[in-house]
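Reviewing the structure listed below.
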Number of protein chains: 2
Amino acid sequence: MNARTNTREKILNTAAFLFQKNGYHATGLNEIIKESGTPKGSLYYHFPNGKEELVAATIKLMGDKIQHQIKEELAKNSDPVLAFKEFILDLAQNFNEKDQENCFSIGLLALETVPINESLRKTCIEVYDLWTDAYYQKLVSSGFSSEKARELSLILQLIIEGAITISLIRNDTTMLVAAAEKIPVLLENK
Amino acid sequence: MNARTNTREKILNTAAFLFQKNGYHATGLNEIIKESGTPKGSLYYHFPNGKEELVAATIKLMGDKIQHQIKEELAKNSDPVLAFKEFILDLAQNFNEKDQENCFSIGLLALETVPINESLRKTCIEVYDLWTDAYYQKLVSSGFSSEKARELSLILQLIIEGAITISLIRNDTTMLVAAAEKIPVLLENK
DNA sequence: GTCTATATACGGATAGAC
DNA sequence: GTCTATCCGTATATAGAC
């Protein structure tokens, strides 16, 4: 790993953490360079188009990372009901550990970027599709029909998004737990 | 209606529109005074604590207004399944009419204010509780047990929040329609 | 109560030395 | 590739006339 990669990664990781925590507008480039210990010149060397290019890269990074974690978590149980239930309860558990790892939502970033940049909006949609696809594949491989799996993956997406959003606002995991307990009812017809 | 009320209301309505559309950080006070046609001095006369006081007032205003609309919409059908289904489909319809009235979410504002101000976070929670309570009352008056109604009102809250969030990001109403179609399954046991 | 002019700080971005 | 100094615009907030 050369110096180039190192600096770029450092900027990217710091940016991902700050953007997901405080949002796009509330996170200044000055904060990112201060926190990551990299000078502003390096940031503009690696991301010539500045803040928008940086946030697009972090959204993609978080999207891939989270998709990987989703697949990993869902693979732990062959039974889909159990798999999704445990997955959501796992989100709830992660929620209490306030470290860099609990970035399971790009909701704030996505809502902020919708009104300012069409290309960023598209990037966010691609990320959501990535996650929905992971749900879809788990459902299909568990015996759900393609049609049913498509419909349910959307429902799972919106329930998880809603539960995380409200959990963040309330700063408790009640909603995530409530969502987990509704999984059996939602998946009852294959 | 005296001049005082008039100016204050004008600022408040403009602020509510811009805040809900673009978010807290992306909305400048200069934009609000320009759009509303009121000078900056008046804004600081009516809201001495500036932007934070203004956004708190708009969140409360939107919260009350939306609660009123929720109750009105749910009252149209005595059958709870039909009532909630129609309510969500109505949200979907409103969604396409891009006017000041389609402010049915404070999600962006809430997520943005969580990391900056504890008191604003509390205000947002009160608003969500207001809405959840409207769902709860409809369920109870439809024959659901108090316990069941409490649980279901949370689920309805998170489904609606999730569906609106993703609809905003995708700029289509697929998720709202999908949510509406899941209402019968969710409410099947009283 | 209303309005304008201004203070002050910080934002993103750039130039150019090394 | 790395780093510093600096530009310029805009942000919130305030002072003080009317």
Side-chain angles (χ1 to χ4, degrees), chain A residues 1-59 108-109 112-113 115-120 123, chain B residues 1-59 108-109 112-113 115-120 123:
Chain A
M1 190 185 288
N2 59 29
R4 183 188 179 282
T5 310
N6 228 332
T7 303
R8 206 189 120 97
E9 297 291 296
K10 213 154 59 177
I11 294 170
L12 217 41
N13 288 330
T14 308
F17 175 64
L18 290 171
F19 277 142
Q20 89 87 29
K21 183 172 159 244
N22 299 325
Y24 180 71
H25 290 107
T27 303
L29 294 184
N30 293 325
E31 199 182 348
I32 294 171
I33 60 161
K34 187 183 162 194
E35 196 77 19
S36 66
T38 44
K40 194 170 284 195
S42 297
L43 191 153
Y44 274 94
Y45 173 76
H46 293 290
F47 304 93
N49 287 79
K51 199 179 184 181
E52 294 204 353
E53 185 179 348
L54 180 57
V55 80
T58 64
I59 289 170
L108 171 52
L109 275 177
E112 272 186 298
T113 52
I116 60 169
N117 188 309
E118 181 68 7
S119 143
L120 281 177
T123 304
Chain B
M1 190 184 286
N2 59 27
R4 183 189 178 283
T5 309
N6 228 333
T7 303
R8 206 190 123 97
E9 298 289 298
K10 214 155 56 178
I11 293 169
L12 218 40
N13 287 329
T14 308
F17 175 64
L18 291 171
F19 278 141
Q20 89 86 30
K21 183 171 160 247
N22 300 326
Y24 180 71
H25 289 107
T27 303
L29 295 183
N30 292 324
E31 200 183 348
I32 295 171
I33 60 161
K34 188 182 161 195
E35 197 76 20
S36 66
T38 45
K40 194 169 285 195
S42 297
L43 191 153
Y44 276 93
Y45 173 78
H46 292 291
F47 305 93
N49 287 77
K51 199 179 183 181
E52 294 204 353
E53 184 178 349
L54 180 56
V55 80
T58 63
I59 289 170
L108 171 53
L109 275 177
E112 274 186 298
T113 52
I116 58 169
N117 188 309
E118 182 67 7
S119 143
L120 280 177
T123 304

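In the text below, chain A, chain B and the rest are named by the order of the sequence lines, each starting its count at 1.
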query = Which value, rounded to the nearest 0.5 Å, describes the distance between A:Leu18 atom CG and A:Glu35 atom CD?
reply =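 One finds 5.5 Å between CG of A:Leu18 and CD of A:Glu35.
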
query = Just wondering, do A:Glu52 and A:Tyr24 contact through their side chains at under 4.5 Å, heavy atoms?
reply = yes

message = Let's see if you can work this out: which of C:dA13, C:dT2, D:dT12 has an atom nearest to the side-chain heavy atoms of B:Lys51?
response =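 Minimum distance to the B:Lys51 side chain belongs to D:dT12.
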
Tell me whether [X] contacts the main-chain N or O of [Y] through its side chain, where contact means a donor paired with an acceptor under 3.5 Å.
| X | Y | value |
| --- | --- | --- |
| A:Asn13 | A:Glu9 | yes |
| A:Thr123 | A:Ala56 | no |
| A:Glu112 | A:His25 | yes |
| A:Lys21 | B:Pro115 | no |

Quick one: [X] [atom1] to [N] [atom2], roughly how many Å, whole number?
| X | N | atom1 | atom2 | result |
| --- | --- | --- | --- | --- |
| B:Leu29 | D:dA13 | CG | P | 6 Å |
| A:Ile33 | C:dA13 | CD1 | C1' | 12 Å |
| B:Ile11 | C:dG1 | CD1 | P | 12 Å |
| B:Ile32 | D:dT12 | CD1 | C1' | 11 Å |
| A:Leu43 | D:dT4 | CG | C1' | 15 Å |
| B:Asn30 | C:dC3 | CG | C1' | 15 Å |
| A:Tyr44 | D:dT6 | OH | C1' | 14 Å |
| B:His46 | D:dA13 | NE2 | P | 17 Å |

task = Determine the sole option in A:Leu12, A:Thr7, A:Thr38 for which the side-chain contact (heavy atoms from CB on, under 4.5 Å) test with A:His46 is passed.
result = A:Thr7

remark   = In numerical order, the residues of residues 34-42 of chain A whose heavy atoms come under 4.0 Å of DNA chain D are A:Pro39, A:Lys40, A:Gly41, A:Ser42

request  = Please determine if a side-chain N or O atom of B:Tyr45 lies less than 4.0 Å away from the OP1 or OP2 oxygen of C:dT2.
outcome  =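 Negative; the distance criterion is not met.
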
query = Does a side-chain N or O from B:His25 land closer than 4.0 Å to OP1 or OP2 of D:dA11, or not?
reply =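 For D:dA11, OP1/OP2 do not have a side-chain N/O of B:His25 under 4.0 Å.
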
